[in-house]
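Below: one structure, written as structure tokens.
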Number of protein chains: 2
Amino acid sequence: MDNTFKEFLQEKGYKFTKQRQVVMEVFAEREGEHMTTEEVFHYAGKKMPEIGIATVYRAVSLLESIGFLTALTFEDGTTRYERRLEDEKHKHHHLVCNVCHEITEVNVDLLDDLEEEIEKTVHFHITDHNLKFYGICDKCSRKKEGEANEV
Amino acid sequence: MDNTFKEFLQEKGYKFTKQRQVVMEVFAEREGEHMTTEEVFHYAGKKMPEIGIATVYRAVSLLESIGFLTALTFEDGTTRYERRLEDEKHKHHHLVCNVCHEITEVNVDLLDDLEEEIEKTVHFHITDHNLKFYGICDKCSRKKEGEANEV
DNA sequence: TTGACTGCAAATCATTTGCACTACG
DNA sequence: CGTAGTGCAAATGATTTGCAGTCAA
């Protein structure tokens with residue numbers, strides 16, 4: 001598995017260093033998580049205590065630029081990263097719970113029609129889009145009901 | 001017109017101060033612009049040189065909380081504000097040009113169906129959504145063509 | 001070997017906060 | 001008049017950068 005990581009970097013002309021490896025491993029071992037750089041640093045530190053946070057910042061932004069990661073920006077301004085899956089087509093969007101702040105994913109391809117419509121109407125060449133839904137997840141809304149009954 | 005501003009604040013129990021007035025005026029005079037707090041500060045300073053940036057930060061976030069403004073967060077992490085129009089229904093989305101960074105607006109209501117679908121499928125109660133399109137605006141793509149021809 | 005990469009600490013940038021002062025209601 | 005609101009400067013938090021030392025190719 002490490003080998004894939006190594007190639008990923010070397011194909012693009014970057015060195016495969018221990019710290020980059022560690023950062024990549026953190027993402028591989030935490031599929032589905034959306035981590036801030038601080039969080040990545042925290043997990044990376046468990047595997048390699050000497051790693052510096054500046055290095056993690058540099059690694060994470062490098063990995064984003066070469067397509068290993070995708071950056072997500074939320075309403076509250078925080079930036080989080082997720083591992084970019086191989087199948088690029090598979091565009092997904094995020095549901096952000098306002099209570100527990102958990103981020104889940106949904107697949108909706110309907111946006112393609114929308115883009116086409118906009119391109120024609122407004123003459124704007126769309127290359128990317130960003131859709132996030134905010135609300136309350138199932139878990140939290142059940143919890144709320146429970147609390148209400150306790151009164 | 002100032003009177004509306006005054007009421008807007010006083011109805012919610014806030015004082016109508018000169019600095020808040022100035023900030024509101026800046027937005028009123030720049031309909032359609034999406035400004036960072038720094039930019040608001042800059043324009044406000046022309047009307048009232050003594051105003052402090054901390055006050056502008058405070059004013060802008062107050063105005064957002066009482067519905068006079070809407071905050072927008074972009075991919076690059078910047079937060080910008082736009083004046084919230086009276087007709088809340090009128091949900092619009094943003095087109096962000098990657099070249100000139102100009103932000104334009106589009107109206108698309110199709111998202112409602114999408115939300116409904118998601119609510120049913122994933123059991124997530126959606127209260128808000130955020131959709132942005134990134135690409136190249138008409139103006140910039142024409143400019144690019146021009147440059148290509150110059151070669 | 002040697003330039004890319006790293007760790008560290010200092011710098012930067014956006015935003016927030018403490019505090020004494022001011023002015024709106 | 002009394003308190004919410006302000007200006008200023010210092011504090012904060014996230015991210016970046018300069019630099020001397022290190023290590024992958």
Side-chain angles (χ1 to χ4, degrees), chain A residues 2-3 5-26 34-42 44-66 68-69 71-81 101, chain B residues 2-3 5-26 34-42 44-66 68-69 71-81 101:
Chain A
D2 292 8
N3 221 43
F5 291 170
K6 192 171 180 179
E7 285 165 19
F8 209 110
L9 286 163
Q10 297 190 332
E11 276 170 13
K12 275 92 180 178
Y14 297 106
K15 289 187 177 167
F16 179 61
T17 65
K18 173 77 178 159
Q19 15 287 91
R20 287 173 182 171
Q21 180 189 168
V22 163
V23 168
M24 291 171 110
E25 280 172 9
V26 166
H34 304 77
M35 295 177 274
T36 61
T37 308
E38 292 275 353
E39 283 164 6
V40 178
F41 172 61
H42 172 251
K46 296 198 168 177
K47 292 165 166 280
M48 187 188 185
E50 333 84 82
I51 200 168
I53 193 161
T55 302
V56 176
Y57 269 100
R58 285 184 281 228
V60 146
S61 77
L62 174 74
L63 293 172
E64 200 231 327
S65 74
I66 61 177
F68 183 82
L69 300 177
L72 303 170
T73 311
F74 297 90
E75 298 279 82
D76 64 356
T78 52
T79 302
R80 292 175 173 272
Y81 294 87
H101 303 104
Chain B
D2 293 7
N3 221 45
F5 293 170
K6 192 171 180 180
E7 285 165 18
F8 209 109
L9 286 164
Q10 298 190 332
E11 277 170 13
K12 274 92 175 177
Y14 298 105
K15 288 187 178 168
F16 180 61
T17 66
K18 174 76 179 159
Q19 15 286 94
R20 286 173 183 169
Q21 180 190 166
V22 163
V23 169
M24 289 170 111
E25 280 172 11
V26 167
H34 303 77
M35 295 176 274
T36 60
T37 309
E38 293 275 354
E39 283 164 5
V40 177
F41 172 60
H42 173 250
K46 295 198 170 178
K47 293 163 166 279
M48 187 188 185
E50 332 85 81
I51 200 168
I53 193 161
T55 302
V56 177
Y57 270 100
R58 285 183 282 227
V60 146
S61 76
L62 175 73
L63 292 173
E64 200 231 328
S65 74
I66 61 178
F68 183 83
L69 301 176
L72 303 170
T73 312
F74 297 91
E75 297 280 82
D76 66 355
T78 52
T79 302
R80 292 177 173 273
Y81 293 87
H101 303 104

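Labels below follow one simple rule: chain letters A, B, ... track the order of the sequence lines, proteins then strands, and each chain is numbered from 1. On a predicted model such as this, the values are computed, not experimentally measured, just so you know. Quick note: numbers below take in every heavy atom, side chains included, and nothing from hydrogens, waters or symmetry partners.
By the ring-ring contact (aromatic ring centres under 6.0 Å, His included) test, A:F68 pairs with A:F5, A:F8, sequence neighbours left out. Checked against side-chain hydrogen bond (donor to acceptor under 3.5 Å, both in side chains), B:Q10 has no partners two or more places apart in sequence or in another chain. Scanning for salt bridge (charged side-chain N to carboxylate O under 4.0 Å, His left out) contacts around B:E38 gives an empty result, with sequence neighbours left out.
Taken to the nearest 0.5 Å, the CE atom of B:M24 stands 9.0 Å off from the CD atom of B:Q21. Within the model, atoms OG1 of B:T73 and CZ of A:F74 stand 11.0 Å from one another, a figure rounded to the nearest 0.5 Å. The distance from atom CG of A:L63 to atom CG of A:L9, rounded to the nearest 0.5 Å, is 6.0 Å. Interatomic distance, B:T37 OG1 to B:F41 CZ, rounded to the nearest 0.5 Å: 11.0 Å. Atom NE2 of A:H34 and atom OG1 of A:T36 lie 12.5 Å apart (nearest 0.5 Å). For the atom pair A:E75 CD and B:L72 CG, the distance stands at 8.0 Å (nearest 0.5 Å).
If you take CG of B:D76 and C1' of D:dT15, they are 14 Å apart, rounded to a whole angstrom. In this structure, the CD atom of B:E50 is 19 Å from the P atom of D:dG5, given to the nearest Å. The distance between atom CD of B:Q21 and atom P of D:dT6, rounded to the nearest whole Å, is 12 Å. Distance CE (B:M48) to P (D:dT6): 8 Å, rounded to an integer number of Å. Here C:dT6 presents its C1' atom at 9 Å from CD1 of A:I51, a figure rounded to the nearest Å. Here D:dG5 presents its P atom at 9 Å from CG of B:L9, a figure rounded to the nearest Å. Rounded to an integer number of Å, the gap from A:R58 CZ to D:dG18 C1' is 10 Å.
Counting heavy-atom neighbours within 6.0 Å of A:Y14 OH, excluding the residue itself, gives a total of 12 or less.
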Give each protein N/O atom lying under 3.5 Å from an N/O atom of nucleotides 10-13 of chain D, with the pair distance.
none

Under 3.5 Å, which protein N or O atoms sit close to an N or O of nucleotides 1-5 of chain C? Give each pair with its distance.
from  : atom 1 : to    : atom 2 : distance (Å)
C:dG3 : N2     : A:K15 : NZ     : 3.3
C:dC5 : OP1    : A:K15 : N      : 3.2
C:dC5 : OP1    : A:R20 : NH1    : 2.8
C:dC5 : OP1    : A:R20 : NH2    : 3.4
C:dC5 : O5'    : A:R20 : NH2    : 3.4

Distances for protein N or O near nucleotides 13-16 of chain C N or O, under 3.5 Å:
from   : atom 1 : to    : atom 2 : distance (Å)
C:dT15 : OP2    : B:Y57 : OH     : 2.4
C:dT15 : O5'    : B:Y57 : OH     : 3.4

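Applying the side chain to side chain contact (heavy atoms under 4.5 Å, CB included) test between A:T55 and each of A:E50, A:Q19, A:R20 identifies A:Q19 as the sole match.
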